[in-house]
Amino acid sequence: MNMKTTTAVFKKKKQIGEKITMLTAYDYSTAKLEDEAGVDAILVGDSLGMVVLGYENTLSVTMEDMLHHSKAVARGAKSAMVVTDMPFMSYQTSVYDAVVNAGRLVKEGRADAVKLEGGVKFAGHIRAIVDASIPVMGHIGMTPQSVNAFGGFKVQGKSAEDAKRVIEDAKAVEAAGAFAVVMECVPAALTEYISGIVNIPIVGIGAGNGCDGQVLVYQDMLGMYSDFTPKFVKTFGNIGSEMKQCFEKYCDEVKTGSFPAKEHTFMIDDEVIRMITEER
Ligand code: KIV
């Protein structure tokens, strides 16, 4: 039986300075590949609203969307911890809603942990979910569900005042009992400083190399999502253009009749087909 990555593994990795690896996935096959590749955690991110469902931001993602994709990922993740995002308005409305919806993501969505956006303002919500024995990953800095309040996807913590806000958010998330926190689009030196003053691991995305781990949206790192590529994305492979080439080749072969070939075709005994055609 495979050993699941637990919150204790996250803690240990920070203590011994071993980097945590996390990638998003939204379906069984991708989760299985990531799991086999050895990622520590798979994030069923609400980024699925953009990269899977084609919305311009994450605000329209529903609990039903998250449950559907979380279940699929959980079937493919034998070792990796499955962290599922709480979608917009599934926790902001009340502490009660936060606990009920976090519970649904675990019971129905088979998540090992949930992630929610916000620091000081949502510390009470995090505490209540943790008190219900559900591990919580925080998410601070640039929090995409606040895109309209921020006036766009912008780097956070650049001014002294804003940097202090990010620091207070990190401390609040830790004090509320989160086991880790995602820090998004924050200057590297600030992240490094925060990583030194909090005891929970910081998983960065656009937050430099001084974090305790990294997370990326897999379509971004594989060149599969061309609508918008943030500065922090490294393309590890051009799978998107490879897919397009394969689709074109398939169309050509179907049109010319070279696919399906004999090896892709089921056969019937000549005698049987002769009998059938002669009977008619
Ligand atoms: O939804 C998501 O994929 C995320 C990552 C960007 C961290 O929250």
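Nothing here was measured: the structure is a model prediction, and the numbers come from that model. Counting starts at 1 for both ligands and their atoms, following the listed order.
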Do the numbers put K234 on top of the ring of F236, so that NZ or CZ is under 6.0 Å from the six-membered ring centre and no more than 45° off the axis? yes
Which residue in the set H125, Q145, E117 passes side chain to side chain donor-acceptor pair (under 3.5 Å) when paired with Y91? Q145
Over all heavy atoms of both residues, which pair between K19 and N209 is shortest? Give the atoms and the distance, please. NZ-O, 2.9 Å
Mind jotting down which residue pairs meet the salt bridge (Lys or Arg N to Asp or Glu O under 4.0 Å) criterion with at least one end in residues 40-49? Sequence neighbours excluded, please. K13-D40
Any protein N or O within less than 3.5 Å of an N or O in ligand 1? List each pair with its distance, or say none.
| unit_1 | atom_1 | unit_2 | atom_2 | d |
| --- | --- | --- | --- | --- |
| ligand 1 | 1 (O) | D46 | N | 3.1 |
| ligand 1 | 1 (O) | D46 | OD1 | 3.0 |
| ligand 1 | 1 (O) | S47 | N | 3.0 |
| ligand 1 | 1 (O) | S47 | OG | 3.3 |
| ligand 1 | 1 (O) | D85 | OD2 | 3.0 |
| ligand 1 | 3 (O) | S47 | OG | 2.5 |
| ligand 1 | 8 (O) | K115 | NZ | 2.8 |

Using a strict 4.0 Å threshold on nitrogen-to-oxygen distance, state whether K158 and D162 make a salt bridge. no
Taking it one step at a time, do I197 and I167 satisfy side-chain contact (heavy atoms from CB on, under 4.5 Å)? CA-CA 9 Å; I197 61 166; I167 294 167; 3.8 Å; yes
